[in-house]
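A short worksheet on the structure shown next.
Owing to the predicted nature of the structure, the values given are computational and were not obtained by experimental measurement. Naming convention: chains lettered A, B, ... in sequence-line order (proteins, then strands); numbering from 1 in each chain.
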Amino acid sequence: MASDKYVPTNKAVKWFEDRLPILGLIHSSVGAGYKAPRNLNYWWNFGSLAGFMLVVQIITGIVLVMHYTPNVDMAFRSVEHIMRDVNYGWLIRYAHANGAGFFFIVVYIHILRGMYFGSYKSPREVLWFLGLIIYLLMMATGFMGYVLPWGQMSFWGATVITNLFGAFDFYNGMGASILHLIWGGFSIDNPTLQRFFSLHYLLPFIIVGVVILHIWALHLPGSNNPLGIDAKGPGDKIPFHPYYTAKDAFGLSFFIVIFAAFIFYMPNILGEPDNYIKANRLVTPNHIVPEWYYLPFYTILKSIPDKLLGVIAMFASILIYFVLPWLDGSKIRSARFRPATAFFFWLFLADAIFLGYLGTKLPSATIIHIGGGVTALTLGRIGTFFYFAYFLIITPLVSRMETTRPVPTSIVQSVLDAKKEA
Amino acid sequence: MTTNDQIDHEGEVTRRNFLYIASGVVGTAGVVSAAWPLVDQLNPSADVLALSSVEVDMSTIPKGQTVTILWRGKPIFIRHRTAKEIARGISEDNDPMRDPAKDKDRAQKEEWLVMIGICTHLGCVPLDNTGFQTGEYGGWYCPCHGSQYDIAGRIRKGPAPRNLDLPPYTYLSDTTIKIG
Amino acid sequence: MLKNIKKIMVMTMAVSAIITAGIFTANASEGSGYEIKKHDWPHAGPFGKFDRAALQRGLQVYKEVCSSCHSLKMVAFRDLTDLGYSKAEVKAFAAEYEFPDGVDENGDEKTRPGKPFDYFPSPFASEQEARDSNNGALPPDFSLLGKSREHLSLFMPWTSIYGEDYIVGILTTYHEEAPEGFVVPDGLYFNETFPGNKIAMPPPLSDDLVEYADGTKATTEQMAEDVATFMYWAAEPKLEARKEMGFKVIIFMTILTIMLYFVNKSVWKKVKKGEDLV
């Protein structure tokens, strides 16, 4: 990966650069010294959007902690103190709460981009792993963060999910011991809230560290591109600055318009109204629903009748992504040239959304009014089966058996061909 | 000789530069506007501001007594001075002191002395020395480093640089004041 | 191009299937079984503002009717300036209440008049006392009730239930007699809006229960709407500031986005056409 070196003209700047080459680092990682394929489309904006959301969450989070009290008697009230009395507290709180959701939207699209265009394939397997680790850390961070306001959903969502760990009961009493360890007591109470607060503050900085590794692992081979072919020749690549800095700035600005629309005009639409009720351990809400970004996995969990197997299936549904580079046996990266793969990809996405939708329903709820009525549970099982089939049956077979379309010889060639057609 | 092409190209460059600079300015304005709430949230919140002023009914304080109340987390000495104390304060107006002040400037109504009870040296709360015969000035004594204040709260001895500070206060009636 | 069309078709089919399924299940899953009437609220929508007269009337209903059982712990008297009252009026309002002020020389408890920084006092000293006075039921605090009873939908907005509509529904849909075959135990009342239809609160409103200071006729419907407005303000006092700022932010960011669109276009001009390759 050749990059043009940054040479400062100013003497003072050169003196500093000789001792700590920060500007050179910026130049060679996101500046004119870093080259990227010339044909990246807007699906490639979502990595920088994810980075932006991480910064937003950290900044708003640190500010919120200046006013929040992590104690069961004061947590709920302190959040309302932020909403009512702290200058712009309502804005910072809504930005952080909606920011979590938008962080996940952006990361899901980023992952889907990687799946469709084969960005997980050699030589980018470790880049893919690091991304999955970031995702797992995000899930943990989001889960603990949601407990902090100490509303009804905070408490009961935490109860349901932590209780899952009680499924690991390989000797008598093991499950209970694990739960008491996690809770710091015999139920979710102050010790639990305080440790979740500590870890919720810590994990984002671990995410930052993994993001740095993620970007490092990316910059060695460089970005993938929509054609999925290697960017080998000099014409295949262009400097990151100004082309992708401008494109990322435009994409970011547009994204903020949508983010702002939620914060200012529908700040509670992605949330649960029950969380505006203070946690009450004697009253269980009618409907315990996690935040939307956990819903597909919640459905998978509820699909398996056995508690332990359900937990294993839920974790397996995320861990299976680690094996994708080997399940997919195609020599071609991009689904643009793999029509069968593309078709199943869209079915997979529809299934994931469907599983998410089913997660909002009680398993016994009737979804289709035909015959005796088809329940959410039945549909969830079908969806779960398809989810795992996509990874374990469809992808291995289709990738090795499909007829692919001819792939362009080079990125430059595809640009020249498009020019000729125009 | 310039061709139309050249003029157009120059115009294009100027337009492009203007666009870049204008976008940069608007973008920077956006970042600064976004940063303001993050700074302003450090300022006192509405519930703290609500306690930023306190009303005191001094009618229950007998002559010769000092009452200490809290204002913005700080002790406030309110002394109902006797005629003898007021006379002493006035008589010492021209005595040599580090921070000269006239007694009439130390209290809006001479009967009621309202001061912030924090030693101007290093912040300890001075002790009431008004009733004791010891101490030369009949006012307040700071045990931390020995500063002594007189019956008008003026620094007379010891390391404190200023007289006891006066809080902002207004009279709402003859015996009620609002501090802050 | 064909690929894109195929993609969009599959996505549309999937999304329509979900929405259709949602429609079939949305109405059936509501706990009450009755439709909740929707009202046009002046504070709804992107440019909404609270009706100050309604807020003041709602405060009056809260004070004269609801506060005997329901607390409003998170609202301070000073917040009432939002309703259009002056600082002096708020001071006088607060002074009507008494708050504990320590003990006097004899050890008896002292009280002092309320100040603007005080919060609305609870009618009961503890949860247990509240339950004992209400047949075991706990009258919920009003501070967040407006937001905790709404059900908003992003993908099916016509099914959204606003907190204010729910509150008006609760207050105005009692039945004297329960419907045929429906058993309501003693101490409970039939209510169309309440999930399960059996509510512990007796109908709190009746026509002319309150004499409005501004002369508005105090029908049950009027009082219900006014107190619902007041309660939604109590739950979301920053609503107006939020929408005002939102307008400025969206306009600003839209302008910036348009400018950056042209910046991006200008930066990419040559490369897009492949001119740098030749």
Over 12 foreign heavy atoms within 6.0 Å of CZ, A:Phe205 = yes

Determine whether more than 12 heavy atoms belonging to other residues, nucleotides or ligands lie under 6.0 Å from atom CE of A:Met66.
-> yes

A:Phe197, CZ: over 12 other non-hydrogen atoms inside 6.0 angstrom = yes

Toward chain A: residues of residues 32-54 of chain B with heavy atoms under 4.5 Å = B:Trp36, B:Pro37, B:Leu38, B:Asp40, B:Gln41, B:Leu42, B:Asn43, B:Pro44, B:Ser45, B:Ala46, B:Asp47

Mind checking which of residues 92-122 of chain B sit less than 4.5 Å from chain A, heavy atom to heavy atom?
-> none

